[in-house]
Amino acid sequence: MNSMPWRSNIVACYFSTDMIGKYRKCVMDLFDTLATIHSLECIASKDCLMTDDPLDGKKPAAWSIFDIVYVRSTPRTTISRLKFEKMIQAIFDREDGDDSKEYLVCPMLQSGLKKFPYPKKD
């Protein structure tokens, strides 16, 4: 697939430290697998802390830890950004009314990409 380059940030939010141990490896392994299958570049930033005001970064909100998975296309990528994000939503979708969520995985709004750029390689 030879189309315009694209980026997507996926947020994986865990609602307790127990849930990090229970789900993080599975979530990260899935992204590694999807990156391999679809020829994507993928880097994770772990243990980010949610704040009430993302611009000031000083006030911790309700206890929540999240990871950001930075994803970008390559010249060999075989999926569009829209299809990739829809696939992520379908994989991690929960039934309506399910209030037992222990984690949440969803694409970040495209407007958030400037605040969270793809990490530079060392």
Side-chain angles (χ1 to χ4, degrees):
M1 175 180 243
N2 220 352
S3 63
M4 294 293 292
W6 58 265
R7 277 195 333 110
S8 182
N9 291 347
I10 309 298
V11 177
C13 191
Y14 311 98
F15 298 115
S16 76
T17 52
D18 292 341
M19 298 309 105
I20 294 170
K22 188 173 180 181
Y23 295 110
R24 176 183 274 161
K25 182 173 178 357
C26 294
V27 170
M28 294 302 141
D29 287 351
L30 176 68
F31 279 102
D32 287 343
T33 300
L34 293 174
T36 300
I37 291 169
H38 294 290
S39 298
L40 299 165
E41 290 184 350
C42 177
I43 296 176
S45 177
K46 298 176 183 173
D47 296 327
C48 303
L49 180 63
M50 187 79 65
T51 62
D52 290 327
D53 181 353
L55 298 178
D56 90 12
K58 295 177 185 170
K59 301 179 286 187
W63 211 91
S64 185
I65 293 178
F66 67 99
D67 300 332
I68 299 175
V69 181
Y70 300 90
V71 181
R72 68 181 175 190
S73 65
T74 69
R76 299 178 329 277
T77 295
T78 60
I79 191 169
S80 70
R81 180 187 61 83
L82 186 59
K83 285 183 180 179
F84 177 76
E85 289 179 350
K86 284 184 178 183
M87 178 178 56
I88 296 305
Q89 289 171 327
I91 289 170
F92 292 103
D93 188 28
R94 301 281 181 105
E95 293 295 318
D96 290 337
D98 180 3
D99 60 356
S100 65
K101 290 185 179 177
E102 299 172 330
Y103 67 95
L104 174 69
V105 179
C106 61
M108 182 184 286
L109 294 175
Q110 287 291 297
S111 59
L113 294 181
K114 286 184 182 179
K115 181 162 176 41
F116 299 95
Y118 195 90
K120 293 182 185 338
K121 293 181 180 179
D122 295 333

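Note that these values count all heavy atoms, side chains included, but never hydrogens, waters or copies made by symmetry.
- Looking only at distances, no side-chain donor or acceptor of D67 sits under 3.5 Å from a matching main-chain atom of R24.
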*Quick one: do F92 and I10 satisfy side chain to side chain contact (heavy atoms under 4.5 Å, CB included)? Show the steps, please.*
CA-CA 11 Å; F92 292 103; I10 309 298; over 6 Å; no
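- Of the possible donor and acceptor atoms, none in the side chain of R72 sits under 3.5 Å from a partner among the backbone N and O of Y118.
- Remark: of the listed residues L30, V27, V105, L30 is the sole one forming a side chain to side chain contact (heavy atoms under 4.5 Å, CB included) with I91.
- K86 NZ to D93 CG: the interatomic distance, rounded to the nearest 0.5 Å, is 13.5 Å.
- Residue T33 holds its OG1 atom at 10.5 Å from NE2 of H38, rounded to the nearest 0.5 Å.
- With hydrogens and angles disregarded, no donor-acceptor distance shorter than 3.5 Å links the side chain of S45 to the backbone of I68.
- Contact annotation: the side chain of Q110 approaches that of E85 to within less than 4.5 Å [non-hydrogen atoms, C-beta and beyond].
- S73 approaches L40 most closely through the heavy-atom pair CA-CD2, 4.0 Å.
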*Evaluate the side chain to side chain contact (heavy atoms under 4.5 Å, CB included) criterion for residues W6 and L82: first the C-alpha distance (whole Å), next the side-chain angles of each, then the deciding distance (0.1 Å), finally the verdict.*
CA-CA 10 Å; W6 58 265; L82 186 59; over 6 Å; no
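- The hydrophobic clustering, which links ILVMFWY residues whose side-chain heavy atoms are closer than 4.5 Å, places L113 and V11 apart.
- Summarising the geometry of P119 relative to Y70, their closest heavy-atom pair is CD-CG, 3.5 Å, with the distance given to 0.1 Å.
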_For a side chain to side chain contact (heavy atoms under 4.5 Å, CB included) check, start with the C-alpha distance between L34 and I88, then their side-chain angles and the critical distance, and finish with the verdict._
CA-CA 10 Å; L34 293 174; I88 296 305; 3.7 Å; yes
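- A side-chain N or O of T74 and one of T77 form a donor-acceptor pair less than 3.5 Å apart.
- Each of F66, Y14, Y103 was checked for a ring pair (Phe, Tyr, Trp, His ring centres under 6.0 Å) with Y23, and the lone residue meeting it is Y103.
- Linking Ile, Leu, Val, Met, Phe, Trp and Tyr residues whenever their side-chain heavy atoms come within less than 4.5 Å places F31 and M87 in a single cluster.
- The CZ atom of R7 sits 11.5 Å away from the CD atom of E41 when rounded to the nearest 0.5 Å.
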